[in-house]
2 protein chains.
Amino acid sequence: MLPQSKRLLKMWIRLLRVTRASESHLREFLRVNHDTTLPRFDVMAALYRRREGVTMSDLSRMLLVSNGNATAVVDRLEKDGLVRRTQSTTDRRTIFVALTEAGLQQFEVLAAEHEREIITLFGGLSDTDLDTLTDILKRMGKGERA
Amino acid sequence: MLPQSKRLLKMWIRLLRVTRASESHLREFLRVNHDTTLPRFDVMAALYRRREGVTMSDLSRMLLVSNGNATAVVDRLEKDGLVRRTQSTTDRRTIFVALTEAGLQQFEVLAAEHEREIITLFGGLSDTDLDTLTDILKRMGKGERA
DNA sequence: CCCTTATATTTCAAGTTTAAAATTTCAGGC
DNA sequence: GCCTGAAATTTTAAACTTGAAATATAAGGG
């Protein structure tokens with residue numbers, strides 16, 4: 001039996017490969033079928049989830065990306081009219097971002113098809129698999145905060 | 001109980017978050033302690049694994065990145081003297097990449113500390129967890145090829 | 001030998017990503 | 001009111017990443 005560290009390493013590499021391959025599949029799907037990208041989709045999904053609007057800081061925290069990154073993607077979405085920025089009235093540093101009507105409509109189409117792609121990718125998992133995996137992932141999330 | 005597609009979606013988002021947070025942790029570790037980056041580490045790890053040398057195509061396939069991407073990272077590593085390119089004698093299109101002596105030495109230090117970081121991140125998992133997770137990840141890998 | 005097709009790599013433009021610096025605003029202590 | 005430090009956002013430079021186009025070479029059929 002390999003030492004634990006080597007087994008962890010192998011698992012991590014496998015995890016990375018599955019994630020990267022899946023991301024690659026979704027990227028390709030978004031590009032070919034909807035002429036958009038994964039970062040754009042991620043931002044729109046976050047804004048859809050919090051329909052009332054999100055600050056830039058919250059957005060980058062939700063997506064685990066840097067502030068500057070969020071700024072860049074939101075800039076492009078705003079240029080395309082899919083997203084709107086609004087200044088806070090109580091704190092002039094804060095800016096709220098939200099989907100426009102056009103953004104909302106586009107995202108609802110995107111989300112439905114994205115969900116189908118997820119089934120293509122992971123539909124082979126049983127209910128038990130899902131429960132087990134979710135449980136393990138939850139515990140893996142703790143390690144970063146140690 | 002949520003429909004399967006929603007449960008898959010939740011799992012996928014959780015998987016993505018764990019992976020991104022862990023990558024972020026490792027990136028920070030490599031930057032602060034070793035003044036290097038994750039893509040550079042990944043390339044060096046692939047070359048360490050196949051000490052005899054790898055073609056550019058093999059390299060991008062191993063890392064699941066585009067050809068152009070592999071070229072760019074190898075360019076930078078080559079400029080720093082950590083990696084060497086050699087033309088194939090039998091096929092003039094093919095180029096082999098390998099670690100230099102300096103690259104090999106640097107990587108062995110990097111790898112040992114990287115392994116410790118992996119323990120920090122995931123050491124909380126039991127042997128059973130690891131077996132279960134590996135098994136599920138193997139099956140998840142199948143979906144992409146459907 | 002020529003032509004076509006396929007393979008290996010690089011180049012290129014555009015977009016993504018990060019970390020750090022700069023800007024603006026806020027909040028609290030004095 | 002003023003100062004200081006913190007917070008929210010943008011800007012910047014450099015690296016990374018992609019997909020497509022360009023280049024060079026190989027392989028096989030006629």
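Each chain gets a letter, A, B and so on, in the order its sequence line appears, and its residues count up from 1. The basis for the numbers below is simple: all heavy atoms, side chains too, and nothing from hydrogens, waters or symmetry mates.
Between A/Thr37 and D/dT18 there is no side-chain N or O to OP1 or OP2 distance below 4.0 Å. At C/dA27, none of the side-chain N or O atoms of A/Arg92 fall inside 4.0 Å of OP1 or OP2 (strictly under the cut-off). Look at A/Asn69 and you won't find any side-chain N or O under 4.0 angstrom from OP1 or OP2 of C/dT16.
Going from atom CG of B/Leu38 over to atom P of C/dA19 covers 11 Å, rounded to whole Å. Atom CZ in B/Phe41 sits roughly 15 Å away from atom P in D/dC16 (whole-Å rounding). Distance, A/Leu30 CG to C/dT16 C1': 15 Å, rounded to whole Å. Atoms CZ (A/Arg76) and P (C/dA13) sit 17 Å apart, rounded to a whole Å. For the pair A/Arg31 CZ and D/dG19 P, the interatomic distance rounds to 5 Å; values are reported in whole Å. When the C1' atom of C/dT17 is taken as reference, atom CG of A/Leu64 falls 13 Å away, rounded to whole Å. Rounded to whole Å, atom C1' of C/dT10 lies 9 Å from atom CG of B/Asp75. The nearest whole Å value for the distance from the CG atom in A/Asp42 to the C1' atom in C/dG15 is 14 Å.
Relative orientation of the B/Phe107 and B/Tyr48 rings is tilted, given thresholds of 30° and 60° on the angle between their planes.
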Per-nucleotide protein contact string for nucleotides 3-9 of chain C (B base, S sugar-phosphate only, - none; heavy atom under 4.0 Å): ---BBSB

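Checked for salt-bridge contact, B/Arg20 and A/Asp42 meet the test: a charged N lies under 4.0 Å from a carboxylate O.
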Criterion side-chain contact (heavy atoms from CB on, under 4.5 Å) on A/Arg17 and B/Leu137, from CA distance to verdict: CA-CA 9 Å; A/Arg17 288 186 67 81; B/Leu137 287 173; over 6 Å; no

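For A/Ser66, the side-chain atoms get nearest to C/dT18 when compared with the rest of C/dA20, C/dT18, D/dC16. Nearest nucleotide to the B/Arg27 side chain, out of C/dG15, D/dA15, C/dT18: C/dT18. Among the nucleotides D/dA20, C/dT16, D/dT17, the one closest to any side-chain atom of B/Pro39 is D/dT17.
Atom CZ of B/Arg49 has 12 or fewer neighbouring heavy atoms from other residues, nucleotides or ligands inside a 6.0 Å radius.
Of all non-hydrogen atoms in A/Thr71 and A/Arg85, the two that sit nearest each other are O-NH2, 4.1 Å.
Along DNA chain D, the nucleotide nearest A/Arg20 and the nucleotide nearest A/Gly68 are compared for position; the residue whose nucleotide lies closer to the 5' end is A/Gly68.
Under a hydrophobic clustering in which Ile, Leu, Val, Met, Phe, Trp and Tyr are joined whenever their side-chain heavy atoms come within less than 4.5 Å, directly or via other members, B/Phe41 and B/Met62 fall into the same cluster.
Atoms CE and CG, on A/Met11 and B/Asp131 in that order, are 11.5 Å from each other to the nearest 0.5 Å.
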